[in-house]
Amino acid sequence: TQVTVYARALGVALAQRTYDTHDSSERGALKELLSSLDLDGVLIQADALHTTQSIFAGASPRGPTCF
């Protein structure tokens, strides 16, 4: 299975992470993927599965975050 970070304004995928559903979770894959990107000042939108504080822990309190 795959998690993708998509830039709507640009119309392109910025990063992707593949994971095995038997060995890991989508939440873990997304958290790992987001931690590898410079997202300072970026609005992040995710589906309901990812609306937990633990996914966005460590995010800059100055930058906007969407839960």
Side-chain angles (χ1 to χ4, degrees):
T1 307
Q2 182 172 285
V3 174
T4 303
V5 174
Y6 180 78
R8 190 175 91 191
L10 299 174
V12 298
L14 300 176
Q16 297 178 331
R17 172 96 42 203
T18 302
Y19 65 98
D20 182 352
T21 56
H22 298 293
D23 295 334
S24 59
S25 70
E26 186 174 343
R27 285 183 192 192
L30 178 62
K31 188 171 184 177
E32 187 177 316
L33 184 59
L34 291 176
S35 70
S36 70
L37 300 171
D38 178 13
L39 299 172
D40 190 32
V42 173
L43 174 67
I44 299 169
Q45 292 181 304
D47 64 23
L49 175 65
H50 307 294
T51 56
T52 63
Q53 287 290 338
S54 64
I55 291 292
F56 300 101
S60 171
R62 298 171 308 210
T65 303
C66 178
F67 293 105

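Worth knowing before you read on, the calculation uses all heavy atoms, side chains too, and leaves out hydrogens, waters and symmetry mates. Along the sequence shown, residues are numbered consecutively beginning with 1.
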Check: Among the clusters formed by ILVMFWY side chains lying less than 4.5 Å apart, do L37 and V42 turn up in the same one?
Finding: yes

Notebook entry, point to check: Roughly how far, to the nearest 0.5 Å, is the CG atom of D20 from the OG1 atom of T1?
Noted result: 7.5 Å

Check: When rounded to the nearest 0.5 angstrom, what distance separates CG in L30 from CG in L34?
Finding: 4.0 Å

Checklist line | Contacts of E32 that satisfy side chain to side chain donor-acceptor pair (under 3.5 Å) - sequence neighbours left out | finding: R17

Next item on the list: State, to 0.1 Å, how close Y19 and V3 come at their nearest heavy-atom pair, and which atoms those are.
Entry: CE2-CG2, 3.6 Å

Notebook entry, point to check: Quick one: NZ on K31 to CD on E26, what's the gap to the nearest 0.5 Å?
Noted result: 15.0 Å

Notebook entry, point to check: Nearest 0.5 Å, what's the CG-CG distance between L14 and D38?
Noted result: 11.5 Å

Check: According to a 4.5 Å side-chain heavy-atom criterion applied to Ile, Leu, Val, Met, Phe, Trp and Tyr, with indirect links allowed, do L39 and L10 form part of one hydrophobic cluster?
Finding: yes

